[in-house]
Amino acid sequence: MLLVALAVGFGLSWYALSDGRLFGAIEIGPWSAWRDVGVPAPDPYTRAFIARAGALELGASEGIQFVATTDSDNRRLDRACRYRIDGSTPAARFWTLVPVAPDDGRPITRADGPLDFQSSRLSRAGDGSVELYVSKALSPQNWLEITGDGAFDLVLTLYDTSSLSGVAADVAALPSIIRETCA
Amino acid sequence: MIRTLLWLLAGAVLGGIIHIAVILSLPALSATSAWDQVAAVGTGPGPTVLPAATPNAPNPLRLDPELTYAVCRIDLRLGPASVGGTLPQAFWSVAVYSRAGTVVYSTTNRDGVGTALDLGIFNPAQTRLLAEQKLDVAEGLLIVEAREDDLFVVVRLAPPHPEMRARYEKALGNLKCGTIAT
């Protein structure tokens, strides 16, 4: 009985705070975000998540941050692979996309190159759409060169966005992450 | 059979209790809070410009490498606090955090047109003095009421291009974090 109790108690707590999709996190394709992370009185799960993460969370009126740990086919993001990030983003003043190490949050891009994508500094097609590539090997269009081995996370931060407030929240419009080739 | 099931059920119930206890106690027990890390970066009221996120160093606060950050630490026991100054015409936002890392208040300079930041932070007792007009504050001060005395304010500023980072960090460093005289 004790074994079951400990497993359920700590297992559920760990699950709630790392994945959290049942407990206050929203999920759109591979992206997830904690909805109430920037409000003055968050629910207990969000409060525990904030304490465990120890990060500077964005206030609700500043923007919202999504993290992807897998591609759109639910496979863990791997630095050995080339990823195409394709699609539209919700209306925001600007957004940034950073590939980071899962354990300590440092950008994993090459130190002397660009560290991230910033929405106002991308090459776009005639209709305004963008094609982003994250890989170790040279890629076309907008490309971020990553380094190292193992898994990584993608962090998409939308600044000054109202996409998740209000009733008719337009949350379906986040880009997909497509795995192309792996070394 | 039924006995085993009952034991399992009891285990699950106990597990639920452990789960609730863990979730509720985490904010008090966590050793890696944003407050501690901000305290480690700079002492004194500030403003302290946080070092940029680079591939060469861990990034526990999960800063966006695209942005510059300044932090003011605030103790409302010393009197109402103010954060003010002039910032470049780019996106900037300001957030007031409690010790637990929750956002008490946040706002942005809508549409990037505002360049003046003038924020006053008051605890409930000071807000009452303000309402009774026993405190003299400048007109146009953005008034924020906070229930706790230990707070920190983070100003985020987005340089349009990485080349402009040094100049924007200097502008953040020129902000004034202070106490409003009572």
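Below, chain A is the first sequence line, B the second, and so on; all start at residue 1. None of the values given here were measured: they were computed from a predicted structure.
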Is the number of heavy atoms from other residues, nucleotides or ligands within 6.0 Å of CZ (A:R121) greater than 12? yes
Contacting moiety of A:I108, where chain B heavy atoms sit under 4.5 Å: neither
Per-residue tally against chain B (heavy atom, under 4.5 Å) across A:G59, A:A111, A:S61, A:P114 peaks at A:S61
Can you establish whether the number of heavy atoms outside B:E132 located under 6.0 Å from its atom CD is more than 12? yes
Heavy-atom contact with chain B under 4.5 Å, split by part of A:A101: backbone
So which part of B:I20 gets closer than 4.5 Å to some heavy atom of chain A, the side chain, the backbone, both or neither? neither
Tell me whether the rings of A:F49 and A:W34 are parallel (<30°), tilted (30 to 60°) or perpendicular (>60°). parallel
Exceeds 12 heavy-atom contacts within 6.0 angstrom, atom CG of B:L5: yes
Portion of A:P42 that has a non-hydrogen atom of chain B nearer than 4.5 angstrom: side chain
Checking B:A57 against chain A: side chain, backbone, both or neither under 4.5 Å from a heavy atom? backbone
In terms of heavy-atom proximity below 4.5 Å to chain B, should A:F94 be classed as side chain, backbone, both, or neither? side chain
Taking NZ, NE, NH1 and NH2 as the nitrogens, is one of them in B:R73 or B:D150 under 4.0 Å from a carboxylate oxygen of the other? no
Under a 4.5 Å cutoff for heavy-atom pairs, which residue among A:V100, A:L12, A:V37, A:I50 has the most contacts with chain B? A:L12
